Colleague: 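One structure, as structure tokens, below. Some questions next.
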Amino acid sequence: MVKLSHIIIVLMHSCLELWLPRSQETWYLRVHPHAYLQTHLCNGQTTGDVRLIGPGSEGVVEVFDAHNGWGTVCGINMIPNTFADVICNQHGFRSGEVLSLGSYPSSLNVSFLSNVRCIGNESGVLDCPFTNISTGDSICTQLEIVSVRCRQPLVGGDVRLSNGRHKGEGRVEVWAETFGWGTVCDDNFDISEAKVVCNQLGYANGTVGIVGLFGSGVRPILLDDVDCQGNETDLLSCGHRILGSHNCDHSEDVGITCFDQLSDGDVRLVGGATHHEGRVEVYVEGRGWGTMCDDLSSKSLANVVCAQLGFLGGTVKGSAAHGPGRHPILLDNVVCSGNELNILNCSSNPIGSHNCDHDEDVSVYCEIAKEGDIRLAGGSLRSEGRVEVYTDMFGWGTVCHDFFSFAQARTICWQLGYAGGVPRCCAAYGEGDLPIVLDDVRCQGTEGNILNCLHRNIGFHNCDHRQDLSVVCALPTVGSVRLVDGTSTMEGRIEVFTDSHGWGTVCNDGNEDGQKLSDVVCSQLGFGDGDPDYGVSFGSTQLPMLLHDLRCTGSEDTLLDCREVRAAEKNCSDPNGMGVRCGRYSLSTPEPTTLVPTSIGRTSSPTASSAVAGNTSDGSTTFTAVVVVVAVLALIACIVVVVVFRRRKRSMQRYTSPIPAEHERVERHVYSASPAGFQGLASGDALCVHPGDGYIVDLLGSAESSPTSTTYSASETVDEQGAHGSVLLGIDVETAA
């Protein structure tokens, strides 16, 4: 139903137009500013001017015609949303929506326009295609008259593209508070300036069109000699002449074409001295660009933002470190795990809901790629995907899966800050289109960087993108430890994971009993007792020193359970982290009693059997000879089978292979990560491994670390790389409550 207040406003408006002189009518508009939105009832109306008759920023749309005065718009055959955008743009708003027809009554009895078909980038409503019905014989009823509601007032620097075939192309027009809309000269206007405009309009990139392609404007020329870096929020933030000062005419009005439309959650960095730092702004469809509050921000948030922008990771800065933004605040209380592909996948308040101001806008500083850096592409999570390596010679490139095993996957995942990983071959996350930079990579599993592994010369390979290597990495848990830069998995520099700092090292000095500390680390990894290494055997690192002056008893479950007396970051004098060498895990089983057959088919103890040994010496000698011959033949047969097996080409013939208990017991401790960390693996997934790794398939999880019991069965096949010993493992996962 039509609200009574709306009817009263319309009746008062009719009375005023009939009885009050012009000066009194103007006085009414000053006293009651909410009755109209930017009306032009005083001198100076031109054909095409519009006004809204209603409260606030909504009401009946009325269009001015020099011959007929004011008239309404008929909603028949209209494209509603684009029409509302054009009307609201004329009124100083960014966008709008058409209300239900007949929402507001009108005192006018004539409609001028019908069948209005706007694209959305027109400068005014009369630039849209329409049918002129201004003869006075209106075919529109009160229930067909159009009303709109406008949103988001324009601010200085907002832009639009006019006279193009769609919203992504046209003549550039900019809004300035004291001038309204105006055009821009093409002097010095190139791809950097086009990028700024297109970014404002929801596109990633743009190109400059031919001069005059989108016609000449009629509004004032506002900008000339514009000079942008490409990361500014708007044209007014770029260098330019004083507003309104120029040495050109409308024949030089610049036009552009935008492409690569933005998606929900796209991010950009604004206000930084370089392209990899700045205030974080996020794009939300229907709302445009906006800022984020620094409440609850963390390194994980910075990692997600930087990864979206193609960087490896980053650090977060709060309190508007790169200046306060002017766009709406869209996100607050953002909490990320660091594994999200999009900032909107992190938890947060509802979009637009916040309790902060722009003094709390969050910024990040992203890390630039350097030789040997790694990223994962094509996965549904940041912890999985196709492996891509950065080299100075080629930039980013892919890696062939030849020779790849769990050791290589461990090196890659550790380098990325995860707890460990499993390899997946054969372009499991799609074929890459970058150069192939590494092939025949052989790692120990303890290297800090993939380029420290053995490999062919960078850029040399004998594979194609069908063999691109992928990995699935396990998310580390607080307190996880690893040994890095040793010659085996049983030694290396100690690194520990904390929630606040990620991975870091243990200070080399101040620890009361290094032996007990080493025992805790080795036990946590599933090895035997350890020996501390206080030297530089395992090199230095850029990671922060997280622990110092620990007091361990040797019985703690994790290193973080030891008592820390002083904070490492303030007291550590040795830049080299502490190392350890672990012993092998001891599987102590009682030695079985030897039983031998007797003459009456019963068994006896060794003492009893020795009593009859003298009477059976000839028989036992013959028996021993037979056993030796059989053993030799069995050994020869085994060697032949192994040689033949290693030289066969990979086939899809599978055979069942049990998982030895000793591997389960040791390896599941070495990779003490949560089973949930290996997200993305499903029954039947193919994993590229090396026979030398044994049956380490159960590092995917264990009953000890999960409330459910998880079992795995493995099948092997030999592939075309059989000469290298690579195999495929098909993992079948069964989970029972």
Side-chain angles (χ1 to χ4, degrees), residues 37-40 44-52 57 61 63-64 82-96 118-128 148 150-164 166-187 189 193-194 196-203 206 209 211-226 228 232-238 240-246 248-258 288-289 326-327:
L37 173 69
Q38 196 176 333
T39 58
H40 295 281
Q45 298 104 327
T46 59
T47 296
D49 283 350
V50 295
R51 68 185 182 188
L52 299 182
S57 56
V61 178
V63 183
F64 185 80
T82 52
F83 170 82
D85 287 347
V86 172
I87 294 295
C88 293
N89 242 231
Q90 285 187 257
H91 274 290
F93 287 81
R94 290 178 176 173
S95 61
C118 299
I119 295 175
N121 64 346
E122 292 84 356
S123 297
V125 67
L126 295 188
D127 294 327
C128 304
V148 303
C150 295
R151 298 185 299 259
Q152 292 183 285
L154 290 167
V155 295
D158 280 347
V159 291
R160 68 184 183 189
L161 302 180
S162 297
N163 206 32
H166 54 80
K167 294 187 70 171
E169 68 174 17
R171 183 179 59 252
V172 178
E173 295 185 355
V174 62
W175 170 274
E177 300 290 351
T178 56
F179 292 88
W181 288 106
T183 60
V184 180
C185 288
D186 66 352
D187 300 338
F189 205 98
E193 290 71 29
V196 172
V197 173
C198 292
N199 253 230
Q200 288 184 255
L201 296 173
Y203 296 87
V211 176
L213 178 63
F214 301 109
S216 299
V218 296
R219 299 179 182 276
I221 298 173
L222 294 186
L223 288 180
D224 192 12
D225 296 335
V226 182
C228 302
E232 294 86 352
T233 57
D234 56 71
L235 285 182
L236 295 188
S237 301
C238 303
H240 57 78
R241 289 189 177 212
I242 297 173
L243 278 175
S245 171
H246 60 87
C248 60
D249 56 37
H250 281 301
S251 66
E252 299 177 68
D253 285 346
V254 71
I256 64 173
T257 298
C258 299
W289 289 101
R326 65 177 185 83
H327 292 291

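Every value quoted in this text rests on a predicted model; they were computed, and no experiment measured them.
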Colleague: Search all heavy atoms of Cys228 against all heavy atoms of Val226 and return the closest pair with its distance.
Modeller: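 For Cys228 and Val226, the tightest heavy-atom pair comes out as SG-CG1, 3.8 Å.
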
Colleague: Can you measure from CZ (Arg171) to OG (Ser162) and round to the nearest 0.5 angstrom?
Modeller: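 Taking CZ in Arg171 and OG in Ser162, the distance rounds to 5.0 Å.
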
Colleague: Atom CD of Glu173 and atom CG of Leu161: how far apart are they, to the nearest 0.5 Å?
Modeller: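 The CG atom of Leu161 is 9.0 Å from CD of Glu173, to the nearest 0.5 Å.
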
Colleague: Going through the checks in order, is the side-chain contact (heavy atoms from CB on, under 4.5 Å) test met by Val125 and Val61?
Modeller: CA-CA 11 Å; Val125 67; Val61 178; over 6 Å; no

Colleague: Are side-chain heavy atoms of Asn163 and Asp127 found at a separation under 4.5 Å?
Modeller: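 No, every pair of side-chain atoms sits at 4.5 Å or beyond.
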
Colleague: Is there side-chain contact between Val159 and Asp234, with at least one heavy-atom pair below 4.5 Å?
Modeller: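 A side-chain contact is absent here, since even the closest heavy-atom pair is not under 4.5 Å.
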
Colleague: Which heavy atom in Glu177 sits nearest to a heavy atom in Val155, and how many Å separate them?
Modeller: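 Scanning both residues completely, I find the closest heavy atoms to be OE2-CA, 3.5 Å.
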
Colleague: Given 3.5 Å as the limit, does a donor-acceptor pair link the side chain of Asn121 with the main chain of His166, or not?
Modeller: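 Yes, Asn121 side chain to His166 backbone: donor-acceptor pair under 3.5 Å.
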
Colleague: Tell me, please, which residues at least two apart from Tyr203 pass ring-ring contact (aromatic ring centres under 6.0 Å, His included).
Modeller: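 Partners of Tyr203 by the ring-ring contact (aromatic ring centres under 6.0 Å, His included) criterion come out as none, since no residue qualifies.
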
Colleague: Any side-chain heavy atom of Arg160 within less than 4.5 Å of one from Ser123?
Modeller: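 Yes, their side chains come closer than 4.5 Å.
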
Colleague: Counting N and O atoms only, with roles assigned by atom type, does the side chain of Trp289 sit under 3.5 Å from a partner on the main chain of Asn199, one being a donor and the other an acceptor?
Modeller: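 It does hold such a pair.
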
Colleague: Judged by atom type as modelled, is there a donor-acceptor pair below 3.5 Å linking the side chain of Asp253 to the main-chain atoms of Thr183?
Modeller: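 Side chain of Asp253 to backbone of Thr183: no pair is present.
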
Colleague: For Thr82, what residues pass the side-chain contact (heavy atoms from CB on, under 4.5 Å) criterion, not counting sequence neighbours?
Modeller: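 If we apply the side-chain contact (heavy atoms from CB on, under 4.5 Å) test to Thr82, skipping adjacent residues, the hits are Ile79, Cys118.
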
Colleague: How far apart are the closest heavy atoms of Ile221 and Cys185, and which atoms are they?
Modeller: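 Minimum heavy-atom separation between Ile221 and Cys185: CG2-SG, 3.6 Å.
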
Colleague: Looking at Phe93, is its backbone amide N or carbonyl O close enough to the side chain of His91 to form a donor-acceptor pair, meaning the two atoms are under 3.5 Å apart?
Modeller: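 No; judged by distance alone, with no hydrogens or angles, the pair does not exist.
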
Colleague: Can you name the residues that form a side-chain hydrogen bond (donor to acceptor under 3.5 Å, both in side chains) with Asp186, not counting sequence neighbours?
Modeller: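 With sequence neighbours excluded, Asp186 shows a side-chain hydrogen bond (donor to acceptor under 3.5 Å, both in side chains) to no residue whatsoever.
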
Colleague: Specify the closest pair of heavy atoms between Leu52 and Cys150, including all atoms of both residues, with the distance to one decimal.
Modeller: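 The answer is CD1-SG, 4.0 Å.
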
Colleague: Would you confirm whether Gln200, through its side chain, and Gly157, through its main-chain N or O, come within 3.5 Å as a donor-acceptor pair?
Modeller: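 Yes: the side chain of Gln200 pairs with the backbone of Gly157.
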
Colleague: Look only at the side chain of Glu252 and the backbone of Asp187, and say whether a donor-acceptor pair between them is shorter than 3.5 Å.
Modeller: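 No: the side chain of Glu252 does not pair with the backbone of Asp187.
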
Colleague: Which atom names give the shortest non-hydrogen contact between Arg326 and Thr233, and what distance separates them?
Modeller: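 Nearest pair, atom of Arg326 first, then Thr233: NE-OG1, 4.3 Å.
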
Colleague: List in chain and number order the residues that pass side-chain contact (heavy atoms from CB on, under 4.5 Å) with Leu243, two or more places apart in sequence or in another chain; answer none if no residue qualifies.
Modeller: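 Partners of Leu243 by the side-chain contact (heavy atoms from CB on, under 4.5 Å) criterion, ordered by chain and then number, come out as Ala176, Phe179, Leu222, Leu223, Leu236.
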
Colleague: For Glu193, what residues pass the side-chain hydrogen bond (donor to acceptor under 3.5 Å, both in side chains) criterion, not counting sequence neighbours?
Modeller: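 Glu193: no side-chain hydrogen bond (donor to acceptor under 3.5 Å, both in side chains) contacts found.
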
Colleague: side-chain contact (heavy atoms from CB on, under 4.5 Å) between Trp175 and Asn89: does it pass, once the steps are laid out?
Modeller: CA-CA 10 Å; Trp175 170 274; Asn89 242 231; over 6 Å; no

Colleague: With sequence neighbours left out, write down each residue that passes side-chain hydrogen bond (donor to acceptor under 3.5 Å, both in side chains) with Asp224, or none if nothing qualifies.
Modeller: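 For Asp224, no residue satisfies side-chain hydrogen bond (donor to acceptor under 3.5 Å, both in side chains) once neighbours in sequence are set aside.
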
Colleague: Between Lys167 and Leu201, is there a side-chain heavy-atom distance shorter than 4.5 Å?
Modeller: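 Counting from C-beta outward, Leu201 and Lys167 never come under 4.5 Å.
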
Colleague: Give me the atom names and distance for the closest heavy-atom approach of Gly206 to Cys198.
Modeller: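 Here Gly206 and Cys198 meet closest at CA-SG, 3.6 Å.
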
Colleague: Would you say Phe214 and Thr257 make side-chain contact, with heavy atoms under 4.5 Å?
Modeller: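 Yes. Closest side-chain heavy atoms under 4.5 Å.
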
